[in-house]
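Each residue takes its place number in the sequence, starting with 1. The shown structure was predicted, so the numbers you read here are calculated from the model rather than taken from an experiment.
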Amino acid sequence: IEVELLVKGHSDLGEVAPEIKPSERRTAVAIADLEWREMEGDDCGFHYGDGTNEAQDNDFPTVERSRLQEMLSLLGLETYQMQKLSLQDSLQISFDSMKNWAPQVPKDLPWHFLRKLQALNAEARNTTMVLDMPPDARPAEKENQMEEEMIYWDPAEDIAADDIYSFSELPTPDTPVNPLDLLCALLLSSDSFLQQEIVLKMSLCQFALPLVLPDSENHYHTFLLWALRAVVRTWWSQPPRGLGSLREDSVVLSRAPTFSFVRMDVSSNSKSQLLNAILSPGRRQWDCFWHRDLNLGTNPREIADGLVEISWFFPSGRDDLDVFPEPVAFLNLRGDIGSHWLQFKLLTEISSAVFILTDNISKKEYKLLYSMKESTTKYYFILSPYRGKRNTNLRFLNKLIPVLKIDHSHVLVKVSSTDSESFVRRIRGIVGSVVRSPCRRVSVEDMAHAARKLGLRIDEDCEECQKAKDRMERITRKIKDIDAYRRDELRLQGDPGRKAAQVEREFCQLQWAPDPPEKHRAELRRRFLELRMQQNGQEPTSGVQEFIAGISSPSPGERQYFLRWREWGLARVGQPRLRQPPETLLSLRPKLSGASDLSEPLWPEPLGVEHFLREMGQFYEAESCLVEAGRLPAGQRRFAHFPGLAVELLLLGLPLELVDGGTLSIPVRWVTGLLKELHIRLDRRSRLVVLSALGIPGTGKSMLLNTMFGLRFATGRICSPRGAFMQLITVAEGFSQDLGCDHILVIDSGGLISGALTSAGDRFELEASLATLLMGLSNVTVVSLAETRDIPPAILHAFLRLEKTGHMPNYQFVYQNFHDMPAPSPKPRERRQLLEPPSDLNRAAAQMEKQGGGFRTLAGLAFCDPERQHVWHVPGLWHGAPPMAAVSLGYSEAIFELKRCLLENIRNGLSNQNKNIQQLIELVRRL
């Protein structure tokens, strides 16, 4: 409007538009000057008041553009604008992985933030910079100050400058950076998969999540639908009638009432503080949205204005904690709605109600709101009685009441900071009444549809992502019944596969018999080959062929998109039917510990990506057996390329199955093929350290590994995969020589070890064998325990067996606190007790290994000095009561210390001799 007035010949904006601020006039004059010069055929230079000229490539002023470029340069992210920062880049092990370092210059900030976020550290946003200046460079008057000057960031959430185009100085290397600027710069510099990981970790930390990402460089905004896809939450669902239950769903798909909080012009009240108070149950306030009163001072945002954040309240089923009876979404627009009209328009279309915080309603703001007269959204105004022009506000409010279809109850006045608690109760009451009445309920997908209509870019709309989604839907469309689908589409995992694994197990055991009958061996070999020939006679079904086509795409990005879509698609249609009410694993274990049928699963297993890879492995196994036996010429192989396809997925960060969860056996030929292919792909960087985590399901071992290294092992589900999985971590080239390895192969025992007692017979023997295998492959073993004396018998048995081989990995026992009680450091006596198993298990394990009365304690067996740090007590995972709890700071810090200790042991050679992949292949065969 201002530019149009100037172009039409109005030289003095102060006369025709007195509400325009001086700084806005300067910007409008500059833009108008640019347009005049375009009409006159000039060179479109941008003229400032001082007569300087800056040539432009486009028809928009460079002010915002230069701000983004300067911010990226300041943070060291300008190199990632063409080739985006990847998830694999952020997960590499380096020197910084072993120290709790503080950033010294702004270029350290993105990496520091990523490492803190990977560790689920609740203080990731409170990062400090330590200015490390040489003594002779310090001013004389600062000699007596602390050597380390800590600078705290703050988004200055509701501080409005004269205008968003102000020509203030950008941050310099010795000034603080706003954390929201850092987040926006990092997301703009990351690929889709790193964006998704950042948002997922922020969700676990209970931080508000970015929903609309502003990009002042290219002048379009991105709706982050894909980035939010991985966020899954669990809450208590209480129907109007009947019993309530826990529900787990993606936040992208679940519909909820949505409430937006925005600022108009200037507000002395903070939106973010108000939102935090609304979301926080009880008296404990959690800073979900970053606000201006956190830490010290305020720092203006440079590139984050226009950012829209989202957070949810989820009920827990506890009356004393549940602020609302059902999930409710809250949106927060950073900056003034007048400067970010597109975002405000989106919020009005998707919200059940919009709360507008302001101190002044002027003619300009009135015109903005008048244009929303057709909206069906409810509007509420939050004013301060001590700021702004009361009479002017009342005049415009009286005009807006009939236009927006509101009444005087929609105008709230926050008198002072002393009435915060009662004011929050009032806002909650309004939200609650809207929720109870018929109101708009939207999912994030619905929000994305509205954003697309308004012209916002949707991150999911790229061609690679949509092609992968279409392929996934062609597969999942056929899944009506899980059992029928497995029987019809995954045929090799049926009876022939289970029988082949059992026969091979018998054949291997027979090799160790003192005088095995040759006739029995020949019979087993014949049966085994018959079963493999039966498998090899099958053709991959259409579902398996579609999966193979998806992971064979020449585009790495499309392969990654396909895998993520596949995981989510199967998670929605592939859950097994529970034949009894859901129970925890700890309650299921005693009932099932006596099962003797090894093919009977301990709990229903969901259909996942691992089942399709398992089917590929069975095709490869059957074909390899026939080639070895001379029944099939090597030139007629059809599935020799399967290991290469799977290894590509491993290098992209997907966990691969090492022990088949269906048969509880290790497919040696398939695993050997994977490792050989991995050796080829890694070329000269094939030195490995193998780190395994063992424990019964429910002891938090997978979460521990994910927090420690940023991995993707399955966590938190009753129906979790049964097999053992492996994932590869790269060591940075500059650190590999010091650490002594190029990669770390991490193995999660998954659901292999059930905690069954020795009376379980064959199952216990099998679990003990598998535990021995995983520990025998490892340089380092972490044993995860839920209770101080809860050492699973199978793991104890594995220690006894490994003593005979002379191979003992470096091990750490991790006791995780699941009762929200303080976890003090164990005393030496407590360490000894933990390392000395109960006498009944002691005798049972010794008897199975025929050690009789000569059995030593576990401490003696494992060459353990109880005074040394082999035992870790980790605080509880959650700070507060889920689902509104964040990961506790104590848990994050304890896991970091454990990680540092493990890497230190690897570097100091305490983890036995490191392996190359060829040695690991041989070790798999021998074990």
Indicate yes or no: does [X] engage [Y] in a salt bridge with an N to O separation below 4.0 Å.
X	Y	value
Lys478	Glu489	no
Glu628	Arg669	yes
Glu248	Arg233	no
Glu523	Arg526	yes
Arg638	Glu539	yes
Glu460	Arg229	yes
Lys467	Asp470	no

From Asp660, Ile666, Val659, residue fulfilling side-chain contact (heavy atoms from CB on, under 4.5 Å) relative to Val671: Ile666

For [X] and [Y], work out which heavy atoms get closest and say how close.
X	Y	result
Gly497	Thr663	O-CG2, 4.1 Å
Pro327	Pro315	N-CD, 3.8 Å
Ile795	Gly695	CD1-N, 4.0 Å

So, [X] and [Y]: side-chain donor and acceptor under 3.5 Å apart, yes or no?
X	Y	value
Arg457	Thr222	yes
Ser624	Arg637	yes
Arg491	Gln618	no
Gln493	Glu615	yes

Ignoring hydrogens and angles, tell me if any N or O in the side chain of [X] forms a donor-acceptor pair with the backbone of [Y] under 3.5 Å.
X	Y	result
Asp459	Leu225	yes
His449	Asp446	no
Gln727	Leu711	no
Lys701	Gly698	no
Gln816	Gly700	yes
Thr699	Ile696	yes
Glu657	Arg614	no
Gln545	Pro540	yes
Gln196	Trp226	yes
Asp748	Phe713	no

Do [X] and [Y] have side-chain heavy atoms sitting under 4.5 Å apart?
X	Y	result
Tyr561	Cys462	yes
Glu648	Ile551	no
Arg247	Trp236	no
Ile479	Leu570	yes

Distance, nearest 0.5 Å, that separates [atom1] of [X] from [atom2] of [Y]:
X	Y	atom1	atom2	value
Leu920	His679	CG	NE2	11.5 Å
Ile350	Leu211	CD1	CG	6.5 Å
Leu529	Asn536	CG	CG	11.5 Å
Arg532	Phe528	CZ	CZ	4.5 Å

Full working for side-chain contact (heavy atoms from CB on, under 4.5 Å) between Thr258 and Val328: CA-CA 6 Å; Thr258 301; Val328 181; over 6 Å; no

Summary of ring-ring contact (aromatic ring centres under 6.0 Å, His included) pairs that have at least one residue in residues 467-487, sequence neighbours excluded: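 Checked against ring-ring contact (aromatic ring centres under 6.0 Å, His included) - neighbours excluded - no pair reaches residues 467-487.
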
Pair Glu464-Ser555, side-chain hydrogen bond (donor to acceptor under 3.5 Å, both in side chains): steps then yes or no: CA-CA 8 Å; Glu464 287 184 334; Ser555 165; 2.4 Å; yes

Residues in side-chain contact (heavy atoms from CB on, under 4.5 Å) contact with Leu91, at least two apart in sequence or another chain: Leu87, Gln118

Check: Phe639 ring centroid to Tyr620 ring centroid under 6.0 Å: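 No, they do not, as the ring centres are separated by 6.0 Å or more.
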
